[in-house]
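Single-structure report; data block below.
Numbering starts at 1 and runs along the sequence shown. Only heavy atoms go into these numbers, but all of them, side chains included; no hydrogens, no water, no symmetry mates.
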Amino acid sequence: MKLLIISDTHQDTKTMEEVIQHHHEVDTIIHCGDSELDFSYFADKPIYVVRGNCDFDLQFPEEQVFKVGDEIVYVTHGHKHRVKSTLMPLSYRAQELNASIVCFGHSHLIGAEINNGILFVNPGSLHMPRGRKEKSYAIVKKHKDGWNVFFYSSEHIFIENIILKF
């Protein structure tokens, strides 16, 4: 299983499209909100998208839940779960949904961790990064003992790999 996770692109369609084209071999593409685009932009694209606090098109769902292989993936922007200060509300929602992977954005900070057996991934921002200079996205791969979360710059330069065991 291989996921491409992006977030907080804030109308930067050029960078977003380039990253998606570069990773055409992934199983699933996820956008964690704040695209600031119309819902129709994504209508013919194989991508799961949610509404962020800067998205005004109400056709975007607040959250998405779907399966990839044996994993239940929960996607939300995170602003309604206070992700800038804690993961607890988001963790509770993930447990309610029986999610094994949570993808979120909002803070523009990259990060990955396992909490209560659930993988949480924030890919950072492909437009306005915080905490580092590189615009970023994440690639998540499952292996027999856990997860590899690779973070890359918008130029596809490796930033960091976080290895998490089940």
Side-chain angles (χ1 to χ4, degrees), residues 2-24 26-42 45-64 66 68 73-91 93-94 99 101-115 118-141 147-162 164:
K2 188 174 182 182
L3 308 175
L4 167 60
I5 308 169
I6 61 177
S7 189
D8 297 279
T9 52
H10 296 280
Q11 294 186 344
D12 187 350
T13 56
K14 181 178 184 234
T15 303
M16 178 181 65
E17 292 291 346
E18 204 283 320
V19 167
I20 290 170
Q21 290 302 315
H22 186 79
H23 291 284
H24 61 276
V26 298
D27 298 310
T28 303
I29 304 169
I30 297 165
H31 192 303
C32 300
D34 276 0
S35 68
E36 293 189 54
L37 300 171
D38 291 332
F39 183 79
S40 61
Y41 181 86
F42 296 99
K45 294 178 176 32
I47 182 169
Y48 291 94
V49 185
V50 295
R51 182 168 65 242
N53 58 300
C54 293
D55 292 317
F56 297 105
D57 191 328
L58 298 178
Q59 293 180 80
F60 287 114
E62 290 281 336
E63 56 187 18
Q64 295 233 32
F66 53 91
V68 178
V73 180
Y74 170 50
V75 182
T76 189
H77 185 58
H79 62 294
K80 294 191 174 182
H81 298 284
R82 301 179 305 175
V83 298
K84 288 185 179 180
S85 60
T86 180
L87 289 183
M88 289 306 286
L90 189 58
S91 179
R93 181 65 177 141
I101 304 170
V102 176
C103 305
F104 68 101
H106 187 55
S107 69
H108 296 216
L109 298 168
I110 66 171
E113 68 180 73
I114 290 184
N115 185 328
I118 303 168
L119 174 65
F120 290 80
V121 179
N122 186 330
S125 171
L126 270 178
H127 183 66
M128 299 181 300
R130 292 186 186 131
R132 62 185 331 112
K133 63 181 179 178
E134 305 96 347
K135 299 173 182 180
S136 61
Y137 64 92
I139 297 287
V140 175
K141 294 182 182 178
W147 303 98
N148 278 349
V149 182
F150 300 91
F151 294 98
Y152 294 94
S153 72
S154 57
E155 294 84 23
H156 319 295
I157 298 168
F158 175 77
I159 296 173
E160 181 178 355
N161 178 23
I162 299 176
L164 300 160

(request) Under the side-chain hydrogen bond (donor to acceptor under 3.5 Å, both in side chains) rule, collect the residues that match up with Ser136, sequence neighbours excluded. (result) none
(message) For a quick test of reading the model, state the closest non-hydrogen atom pair linking Ala99 to Tyr74 and the distance between them.
(response) CB-CB, 3.8 Å
(message) Lys45: which residues meet the side-chain hydrogen bond (donor to acceptor under 3.5 Å, both in side chains) condition with it, sequence neighbours left out?
(response) none
(message) What's the separation between atom CG in Leu126 and atom OG in Ser35, rounded to the nearest 0.5 Å?
(response) 12.0 Å
(request) Determine whether Pro129 and His108 make a side-chain contact, defined as any pair of heavy atoms from C-beta on separated by less than 4.5 Å. (result) no
(message) Within this structure, what is the NE2-CD1 distance for the pair His23 and Ile29, rounded to the nearest 0.5 Å?
(response) 10.0 Å
(request) Examine distances only and state if a side-chain atom of Thr9 and a backbone atom of Gln11 form a donor-acceptor pair shorter than 3.5 Å. (result) no
(message) Would the distance check show the side chain of His31 and the main-chain N or O of Gly33 forming a donor-acceptor pair, the cut-off being under 3.5 Å?
(response) yes
(message) Taking ring-ring contact (aromatic ring centres under 6.0 Å, His included) as the definition, give me every residue that meets it alongside His127, ordered by chain and number, with sequence neighbours left out.
(response) none
(message) Keeping Asp34 on the side-chain end and His10 on the backbone end, is there a donor-acceptor pair under 3.5 Å?
(response) no
(request) Under the ring-ring contact (aromatic ring centres under 6.0 Å, His included) rule, collect the residues that match up with His77, sequence neighbours excluded. (result) His79, His106
(message) Quick check against the 3.5 Å criterion: does Asp12 have a side-chain atom that pairs as donor or acceptor with the backbone of Thr15?
(response) yes
(request) State, with a plain yes or no, whether a side-chain heavy atom of Leu4 is found less than 4.5 Å away from one of Val19. (result) yes
(message) Going by the rule side chain to side chain contact (heavy atoms under 4.5 Å, CB included), which residues pair with Pro61 if we only count those two or more places apart in sequence or in a different chain?
(response) Gln64
(request) Measure the shortest side-chain to side-chain distance between Phe150 and Lys141 over non-hydrogen atoms and say whether it is less than 4.5 angstrom. (result) yes
(request) Could you tell me which residues satisfy side chain to side chain contact (heavy atoms under 4.5 Å, CB included) with Arg132, sequence neighbours excluded, listed by chain and number? (result) Ile110, Glu134, Ile159, Glu160
(request) Using the test side chain to side chain contact (heavy atoms under 4.5 Å, CB included), find all partners of Leu109 that sit at least two apart in sequence or belong to another chain. (result) Ser107, Arg130
(request) Might you point out which heavy atoms bring Leu164 and Leu119 nearest each other, and give the distance in Å? (result) CD1-CD1, 3.5 Å
(request) Please name all residues satisfying side chain to side chain contact (heavy atoms under 4.5 Å, CB included) with His22, sequence neighbours left out, ordered by chain then number. (result) Glu18, Tyr137, His156
(request) Work out which heavy atom in Phe120 is nearest to a heavy atom in Ser91; give both atom names and the distance. (result) CZ-CA, 3.7 Å
(message) Give me each pair satisfying salt bridge (Lys or Arg N to Asp or Glu O under 4.0 Å) with a member in residues 46-57, each pair once, sequence neighbours excluded.
(response) Arg51-Glu62
(message) Please give me the minimum heavy-atom distance between Asp8 and Gly124, naming the atom from each residue.
(response) OD2-O, 4.1 Å
(request) Going by the side-chain contact (heavy atoms from CB on, under 4.5 Å) test, name the single residue among Val26, Leu3, Asn161 that passes it with Ile139. (result) Val26
(request) Name all residues meeting the salt bridge (charged side-chain N to carboxylate O under 4.0 Å, His left out) criterion together with Glu113; count only those two or more places apart in sequence or in a different chain, and write none if there are none. (result) none
(request) I would like to know whether Lys80 and Glu63 meet salt bridge (Lys or Arg N to Asp or Glu O under 4.0 Å); could you show each step before the answer? (result) CA-CA 11 Å; Lys80 294 191 174 182; Glu63 56 187 18; over 6 Å; no
(message) I'd like to check Phe42 versus Leu37 (side-chain heavy atoms, cut-off strictly below 4.5 Å). Are they in contact?
(response) yes
(message) I'd like to check the ring-ring contact (aromatic ring centres under 6.0 Å, His included) partners of Tyr48; sequence neighbours left out, ordered by chain and number.
(response) Phe66
(request) Give the minimum heavy-atom separation between Gly105 and Asn122, together with the two atoms involved. (result) O-ND2, 3.3 Å
(request) Walk me through it: do Val140 and Trp147 pass the test side chain to side chain contact (heavy atoms under 4.5 Å, CB included)? (result) CA-CA 7 Å; Val140 175; Trp147 303 98; 3.7 Å; yes
(request) May I ask you to test the Cys32-Ile5 pair for a side-chain heavy-atom distance under 4.5 Å? (result) yes
(message) Testing the basics here: between Cys103 and Ile30, what is the closest heavy-atom pair and its distance to 0.1 Å?
(response) SG-CD1, 3.8 Å
(message) Is it the case that the side chain of Asp27 and the backbone of Lys2 share a donor-acceptor pair, with hydrogens and angles ignored and the cut-off at 3.5 Å?
(response) yes
(request) Just jot down the ring-ring contact (aromatic ring centres under 6.0 Å, His included) partners of Phe39, sequence neighbours excluded, or say none. (result) Phe60
